[in-house]
Amino acid sequence: MTFSAAVRRFSPFLVGQRRRLVSASLFLLIAAACDAVGVFVLSDVVDGALGADGWSAFAHLAAAWLLLTAVSVSADYVGMVLATVASEGIVLRLRTALFAHVQRLAPVSHRRRGLGDLLVRHSSDLEAVEHLVGTGLMSLAVAVANAAGLLIAAFLMSPVVAGVALAACPVLWGVSAFYGRRQTDTTHEERSATSDIADSIHAALAAHETTVAYNQQQREADRLARDGDRWAAARIGQARIEAGFGSVLGFAQVCVSLIVTLVGVWQVRHGALSVGQLLSLTGYLAMLYPKLQQVADVRLSVAEAAVSAHRIAELFDEPIHRPDRADAQPLPVSADGTAVVRLTEVHFAHAEAPVLRGVDLELRPGSITALTGPSGAGKSTLAALICALDDPDAGRVTINGHDLATATGRSVREQVTLLPQLPHIRPGTVAENIAYGRPDASRADVIAASVDAGAHQFITALPDGYDTVLAGDGLELSGGQRQRIAMARAILRHTPVLVLDEPTAALDDAAVAEILTPLRALARGRTTLLITHDARVTSIADTTVRLEDGRIRAVDYCAGRSRTPSALPMMVPR
Ligand SMILES: Nc1ncnc2c1ncn2[C@@H]1O[C@H](COP(=O)(O)OP(=O)(O)OP(=O)(O)O)[C@@H](O)[C@H]1O
């Protein structure tokens with residue numbers, strides 16, 4: 001991505017900070033102007049002190065110089081603070097927008113990129129982009145204006161000496177272009193290695209138990225070391241380029257200073273310049289070169305930041321998953337709070353591989369329908385359609401007759417609760433975890449849901465009860481306990497439709513026995529789809545249907561269930 005393309009793409013994120021950036025630039029320019037005038041005064045200070053009425057002239061000029069310096073450092077302070085506030089504001093805005101977009105991508109696309117890579121893009125890449133379009137650009141403008149001011153002042157003093165100093169500028173620009181191109185390549189490699197390191201650490205630690213159980217710690221360490229080697233090589237490459245560039249600039253500066261001194265001394269000898277002016281000129285040059293170097297350095301940092309800008313733009317360009325249609329409406333809520341879910345001739349393919357090939361199924365309020373079928377039959381895919389996480393390729397999924405494809409995804413999920421296969425525990429207290437789906441729930445609501453989920457007893461036995469802080473994934477709890485916390489979270493949402501995906505998959509007989517009652521409580525009065533392979537849990541279902549070859553193949557109305565006929569689901573098996 002080129003510099004101008006990056007600026008065009010990301011400049012909207014400067015909104016709200018532009019005024020601050022302009023003010024910061026003005027303050028920094030005031031500081032720079034004071035420095036420039038200060039050097040001018042220096043020439044008079046020296047010439048004054050060497051002149052006839054020596055010390056009184058010196059005192060006045062020295063006071064003026066001190067005043068200028070005080071203004072300069074104050075303006076510099078305000079400018080720097082303003083620039084930092086603006087910079088952090090831009091980073092925050094960019095990160096918020098990027099994260100909001102990433103949250104709307106398909107989960108499979110998160111996994112494909114790797115969570116480590118996403119972390120790096122949300123942190124260092126994002127800061128580099130801010131530098132490119134925000135403070136970096138501002139510093140460039142200030143450095144250019146500053147260098148121009150110094151050059152003008154030097155010209156006023158001695159056009160010949162300033163001309164000599166200026167002659168070096170095109171050379172500097174050419175050298176920085178050469179190093180900038182090389183920097184782009186090494187930065188690509190460095191960014192990609194940084195992402196791989198984060199991914200390796202995440203993958204190894206997320207599956208720590210498996211790593212240890214399979215004795216693969218060394219392999220994980222070797223993988224990280226390989227990524228680390230790549231990163232180190234890329235960083236060394238970058239350091240070589242930066243150091244090489246710095247050395248060339250440093251050498252050039254000494255050469256130009258020597259020539260300038262030669263020309264300056266020659267001018268002093270011929271009376272075209274005073275000693276004070278020569279001192280000031282060398283002072284200007286001492287200030288000018290760091291500024292020119294800063295301008296030239298921007299070529300390098302732009303090259304680096306452009307790589308990051310490309311990586312961020314790549315994420316923003318990824319299409320969001322199941323966007324709401326332009327004419328999407330909120331899904332109406334029925335007066336009695338119940339929901340009839342119906343799938344009619346539903347077809348769905350993942351990456352053009354057909355999974356559902358004409359599913360007909362009706363789920364009625366107050367009934368539990370167990371959905372079984374071989375692994376890979378499409379049970380979770382069907383659940384995703386009911387949660388409006390996907391739309392069918394053909395056919396309709398409706399709730400109380402309203403097509404979910406025409407409803408906003410958010411409003412559908414206000415009426416449907418999914419209890420996923422693996423109960424997800426977030427870092428935070430037990431109460432916060434339970435209230436995750438309804439953050440405004442009172443403590444009494446949380447406790448009531450926990451009682452229904454059969455979780456209250458073990459929670460109150462924890463060191464701090466509901467305020468016990470759980471680490472990410474809740475590994476300090478048993479599988480059954482995690483599952484019951486997830487159930488309490490689902491109960492608390494009070495939605496008319498409930499989709500339970502393999503709620504007993506990882507549980508032993510004792511744990512299954514413990515959660516059957518809470519499961520019944522959870523399903524009470526709701527329209528429930530229970531995806532399971534587990535014969536221990538189908539006993540609580542009113543009906544069991546089997547999904548095979550993309551269709552509902554068999555229906556079994558479970559005997560002995562005390563349901564009214566109207567509560568029983570209707571299927572059209574093929
Ligand atoms: N995001 C995806 N992209 C491509 N193919 C997918 C995706 N998700 C699922 N599939 C494929 O779709 C098919 C159905 O998957 P699904 O997870 O719905 O099956 P399932 O019946 O729930 O399986 P299990 O009982 O093992 O959980 C499988 O062949 C799976 O490989």
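Predicted, not measured: the structure shown is a model, and the values here were computed from it. Numbering starts at 1 and runs along the sequence shown. We use all heavy atoms of the structure for the numbers below, so side chains are in, but hydrogens, waters and symmetry mates are not.
Remark: the backbone N or O of Ile425 is not paired with any side-chain donor or acceptor of Asn433 at under 3.5 angstrom. Side chain of Arg357 to main chain of His347: no donor-acceptor pair is present (N/O by atom type, distance under 3.5 Å, no hydrogens or angles). Using a distance-only test at 3.5 Å, with no hydrogens or angles considered, a donor-acceptor pair links the side chain of His533 to the main chain of Gly373. Side chain of His402 to backbone of Pro332: no donor-acceptor contact under 3.5 angstrom is found. Looking at Asp227, its side chain never comes within 3.5 Å of a backbone N or O of Ala193 through a donor-acceptor pair. Here the side chain of Thr398 pairs no donor or acceptor atom with the backbone of Asn400 at under 3.5 angstrom. Of the possible donor and acceptor atoms, none in the side chain of Arg553 sits under 3.5 Å from a partner among the backbone N and O of Leu547. Without hydrogens or angle criteria, Gln103 side chain to Ala100 main chain gives no donor-acceptor distance under 3.5 Å. Under the 3.5 Å distance criterion, the side-chain polar atoms of Glu432 are left unmatched by any main-chain donor or acceptor of Asp467. Judged by distance alone, with hydrogens and angles left aside, the side-chain atoms of Arg93 form a donor-acceptor pair with the main-chain N or O of Val15 at under 3.5 Å.
Sorted pairs that involve residues 368-390 and meet salt bridge (Lys or Arg N to Asp or Glu O under 4.0 Å), not counting sequence neighbours, are lacking altogether. For residues 418-463, the set of pairs meeting the ring-ring contact (aromatic ring centres under 6.0 Å, His included) definition, not counting sequence neighbours, comprises His456-Tyr466.
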Report task. Begin with the C-alpha distance, continue with both residues' side-chain angles, and end with the deciding distance and a verdict on side chain to side chain contact (heavy atoms under 4.5 Å, CB included) for Leu126 and Leu98. Result -> CA-CA 9 Å; Leu126 215 126; Leu98 184 66; 3.6 Å; yes
Query raised in the report: When you look at Asp317 and Arg9, which way does the salt bridge (Lys or Arg N to Asp or Glu O under 4.0 Å) test go after all the steps?
Result: CA-CA 11 Å; Asp317 288 342; Arg9 178 79 194 255; 2.9 Å; yes
Requested in this report: Step by step, work out the side chain to side chain contact (heavy atoms under 4.5 Å, CB included) result for Arg536 and Asp534.
Outcome: CA-CA 5 Å; Arg536 297 170 299 179; Asp534 191 343; 2.8 Å; yes
Requested in this report: In sequence, state the C-alpha distance, the side-chain angles, and the governing distance for Ile434 and Ile485, and then conclude on side chain to side chain contact (heavy atoms under 4.5 Å, CB included).
Outcome: CA-CA 6 Å; Ile434 293 173; Ile485 287 187; 4.0 Å; yes
Requested in this report: In sequence, state the C-alpha distance, the side-chain angles, and the governing distance for Glu362 and Ser367, and then conclude on side chain to side chain contact (heavy atoms under 4.5 Å, CB included).
Outcome: CA-CA 11 Å; Glu362 185 179 274; Ser367 74; over 6 Å; no
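Annotation for Arg443: atom CZ counts as buried by contact number, over 12 foreign heavy atoms lying within 6.0 Å. No more than 12 heavy-atom neighbours from other residues, nucleotides or ligands sit within 6.0 angstrom of NE2 on His310. Environment of CZ in Arg410: sparse, with no more than 12 heavy atoms of neighbouring residues, nucleotides or ligands closer than 6.0 Å. Arg322 CZ: more than 12 foreign heavy atoms inside a 6.0 Å radius. Counting non-hydrogen atoms of neighbouring residues, nucleotides and ligands closer than 6.0 angstrom, the CZ atom of Phe316 exceeds 12 such neighbours.
In this structure, CZ on Arg113 lies 8.0 Å from CG on Leu105, to the nearest 0.5 angstrom. Going from atom CG of Leu361 over to atom OG1 of Thr369 covers 6.5 Å, rounded to the nearest 0.5 Å. For the atom pair CD1 of Ile312 and CG of Leu94, the computed distance is 7.0 Å after rounding to the nearest 0.5 Å. With rounding to the nearest 0.5 Å, the separation of CG in Leu498 from CZ in Arg524 is 12.5 Å. To the nearest 0.5 angstrom, Asp393 atom CG is 9.0 Å from Asp391 atom CG. In this structure, the separation between CD on Glu318 and NE2 on His101 is 6.5 Å, given to the nearest 0.5 Å.
When all heavy atoms of Pro330 and Thr408 are compared, the pair lying nearest together is CA-OG1, 3.9 Å. Nearest heavy atom pair, residue Ala431 against residue Val446, reads CA-CG1, 4.3 Å. The shortest non-hydrogen separation linking Gly550 to Val359 is O-CG2, 3.3 Å. Closest approach of Asp324 and Gly409 over heavy atoms only: OD1-N, 2.9 Å. Closest heavy-atom contact between Leu224 and Ser200: CD1-CB, 4.1 Å. In plain terms, the two heavy atoms of Pro463 and Thr468 that are nearest each other are N-OG1, 4.0 Å.
For the pair Glu189 and Arg191, the salt-bridge criterion is not met [side-chain N within less than 4.0 Å of a carboxylate O]. Remark: Asp445 engages Arg438 in a salt bridge, criterion side-chain N to carboxylate O under 4.0 Å. Checked for salt-bridge contact, Arg325 and Asp327 miss the test: no charged N lies under 4.0 Å from a carboxylate O. Between Asp196 and Arg230 a salt bridge is recorded (basic side-chain N to carboxylate O distance below 4.0 Å). Ion pair Arg226/Asp222 not flagged as a salt bridge, since none of the NZ, NE, NH1 or NH2 atoms sits closer than 4.0 Å to an Asp/Glu carboxylate oxygen. Using a cutoff of 4.0 Å between basic side-chain nitrogens and carboxylate oxygens, Glu314 and Arg121 are scored as salt-bridged.
Residues Glu130 and Ser87 have side chains that bring a donor and an acceptor to within less than 3.5 angstrom of each other. Of the N and O atoms on the side chains of Arg396 and Thr344, not one donor lies less than 3.5 Å from an acceptor on the other residue. Checking Ser195 against Arg311 by side-chain atom types alone, a donor-acceptor pair falls below 3.5 Å. Remark: the Gln238 side chain and the Thr187 side chain contain an N/O donor-acceptor pair separated by less than 3.5 Å. Judged purely by distance below 3.5 Å, without hydrogens or angles, the side chains of Thr417 and Arg489 never pair a donor atom with an acceptor atom. Side-chain contact of Thr194 with Glu190: a donor-acceptor pair under 3.5 Å is present, judged by distance alone. In summary, the side chains of Gln17 and Arg20 do present a donor paired with an acceptor at a separation below 3.5 Å, with no hydrogens or angles considered.
Annotation: side chain of Arg413 is in contact with side chain of Leu389 (closest heavy-atom distance under 4.5 Å). Taking the side chain as every heavy atom from C-beta outward, Val430 and Leu462 approach each other to under 4.5 Å. For the pair Gln483/Leu419, a side-chain contact is recorded, criterion being any heavy-atom separation below 4.5 Å from C-beta on.
Between His350 and Phe348, the ring planes lie perpendicular to each other; the angle is over 60°, past the 30° to 60° tilted range.
Among Leu382, Thr372, Asp501, the single residue meeting the side chain to side chain contact (heavy atoms under 4.5 Å, CB included) criterion with Ile531 is Asp501.
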